[in-house]
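Structure first, then comments.
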Amino acid sequence: MKVLVPVKRVIDYNVKVRVKSDQSGVDLANVKMSMNPFDEISVEEAVRLKEKGAVEEIVVVSIGPQQAQETLRTALAMGADRGILIKTDDNVEPLAVAKILEKVIGEESPELVILGKQAIDDDSNQTGQMLAALLDWPQGTFASEVILEDGKINVTREIDGGLQTLSLQTPAIVTTDLRLNEPRYASLPNIMKAKKKPIDEKSPGDYGVDTAARLSVVKVTEPPVREAGEKVEDVSELVTKLKAKGAI
Amino acid sequence: MAKAQEITFDSLRPPAPWMDETHSIWRKSVRAFVDKELVPHIEEWEAAGEIPRDIYPKAAEAGLIGMGYPEEYGGAGTDFDRFHGTVTSEELARMAAGGVSSALMIHGIGLPPVMVGGSEDMKREIAPQVLSGKKQISLGITEPGGGSDVAQLKTNAKRSGNGWVVNGSKTYITGGCTSKWLTTAVRTGGEGMGGISLMLIDLEAEGVSRTALPKMGWWASDTATIHFDDVFVPPENLIGEVDRGFVSIMANFNGERLGMAAQAAACARVCIEDAAAWAQQRQTFGKRLADHQVIRHKIAAMCQKVWATTAMLDQLTWRVQNGEQPIAELAMLKVQATETMEFCAREAMQILGGAGFIRGHRVERIYREVRVMAIGGGSEEIMRDLASRQLGL
């Protein structure tokens, strides 16, 4: 089986994000960038499937600036086989990402695509679902367990009421949730070996996809500062206060 | 005025022209390991005076312990450069717990002499156990009677049957209480540098006794005085040739100095990060600490020294990478780095005030680790003297 894993370069999760003074977005200058943590989980899952012998090849793809090559290289160091860098300095929205991925999938014909459920920069949580719709493939989102069995993909999903297990026909889309696995650290020998793994360079134009923005950002603001809470002595006082505020 | 940048551990590291994406990926890997496996336990391990043995295999699995050793001996390979080593030293220093990193990486000075001078059998016996994190190996040079004056060491090994019998003591030995082996400098011949040999001594052998030494800092790494009372050492434990140990002991120090300089400069960056954050948050006399010129200038002076040190570190790393052994410059680099660390620890403490004096603060710990960095691996005085002799004075 061949697996495709899209990976995104985002602001590192440890960085304190700052809103630009003109409120047009967040400050990205001199900010540390890393692979989206949910994508690390996707890469890890693909590598584990390969280690179990269920997968032959893992192709990683990233849409972003030249520096996204480091994100691909990280995935290659974790165990992916080759990369595709689709270079653009534009902010590419989920629908355009899904359309580009649809074309990449047309060329690569993977039987499984594993995506992070969302990227921690815009938290859209849309690309996997849009991609499944464009391809008309089955999807298992928010996966906490993925098992390949008899040509089927059994996906355990984290849903509000508990866990739901789906059995998907291939080809299929899976999006990963936090508890699926714990990604490995890229070791130094594997980082050095990854230097020799191939990365193809493309552009959105090569796939005939228009990445022009369809959404316009009106304003970005800091979240409101949380006001101090009130301490109560016991449950009855809590209930009284909640009633007084009309909350219950 | 818009802020140009934040003052952080990362922003204080100027990009080195010789670092590429492999260094950046490795930095993220080491940082993830340190933040997840080490940082949450620092207080506990400092209080315990040692790190748990099961952290060694984890560090080995992450590729930290085997770095630089061939895969055939259980290492993580040698296909990387000196700048990857700098990255490792810096990222381990970032947690500001030199005791944890020195305990974890103690084999870095104990094992190289075995790999360089040891027999094939010795390498195959020792290296895989050390590099997988099962056992540890320390280095024993310093004695109660003298340290940097290696040529005068007194611990002696006398021929006995086909092996040796060792008597004497070693002190300030990092990992001395918990290591399985000690790469030991002993006197096998006459006086001076010509009579010194290196031997691998099993610290669980009969006649070995060890005493723990409580310290000012680096609590998580155990430090010992080790006594040898008629300890038999089999002939195959000789490392290299008889009476030819002095040169390999000295060669071992050059790499150690580069690593210690990277570590000291990174500790200085931690001091600036914490002091700058505090200075921008703490209000005194109606304004932020950072708005007082005296405080602002302290931070600028700290940055100035860190940038100069890091530039020197990178340039010398590059020279060593290209096969040079600039002994005088490496000695001066270590002094430059530890003086910078000392300056920044002091100034950061002054800025932090009472908050920095409280146990558990990174700067408080670094303050107690300044002296071991400025003395261990060659004191500032010895380093300057070495450099001046190298310069032909």
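Since we're looking at a predicted model, the values are computed, not measured. Quick note on labels: first sequence line is chain A, next is B, and so on, each numbered from 1.
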TODO: Please answer whether the main-chain N or O of A:Ala186 pairs with a side-chain N or O of B:Ser29 as donor and acceptor at a distance below 3.5 Å.
DONE: yes
Open item on the list: For B:Lys28, is there an ion pair with A:Glu70 - N to carboxylate O distance below 4.0 angstrom?
Closed with: yes
Task: A:Met33 portion near chain B, given a 4.5 angstrom heavy-atom threshold - done: backbone
Open item on the list: Quick check on the interface: out of B:Gly66, B:Ala62, B:Gly77, B:Ala76, who has the most heavy-atom pairs with chain A under 4.5 Å?
Closed with: B:Ala76
Open item on the list: For A:Gln67, which atoms come within 4.5 Å of any heavy atom of chain B: side chain, backbone, both, or neither?
Closed with: neither
TODO: Working to the nearest 0.5 Å, report the span between CD1 of A:Ile191 and OG1 of B:Thr22.
DONE: 7.0 Å
- [ ] Tell me, for A:Thr71 versus chain B, whether the close heavy atoms (under 4.5 Å) come from the side chain, the backbone, both or neither.
- [x] neither
Open item on the list: When you compare the side chain of A:Lys195 with that of B:Asp20, does any pair of heavy atoms fall below 4.5 Å?
Closed with: yes
Open item on the list: Ignoring hydrogens, what is the shortest heavy-atom contact between A:Met192 and B:Phe80? Give both atom names and the distance.
Closed with: CE-CA, 3.9 Å
Open item on the list: Please classify the contact between B:Arg31 and chain A as side chain, backbone, both or neither, with a heavy-atom cut-off of under 4.5 Å.
Closed with: side chain
- [ ] Any chance you could measure B:Phe9, atom CZ, to A:Lys32, atom NZ, to the nearest 0.5 Å?
- [x] 10.0 Å
TODO: Tell me, yes or no, whether the heavy-atom count around B:Arg362 atom CZ, taken from other residues, nucleotides or ligands under 6.0 Å, exceeds 12.
DONE: yes
Open item on the list: Is A:Glu182 close to chain B through its backbone or its side chain, or both, or neither, when contacts mean heavy atoms under 4.5 Å?
Closed with: side chain
Open item on the list: Would you say CD of A:Glu158 has more than 12 non-hydrogen atoms from neighbouring residues, nucleotides or ligands within 6.0 angstrom?
Closed with: yes
Task: Distance (rounded to the nearest 0.5 Å) between B:Asp10 CG and A:Asn30 CG - done: 11.0 Å
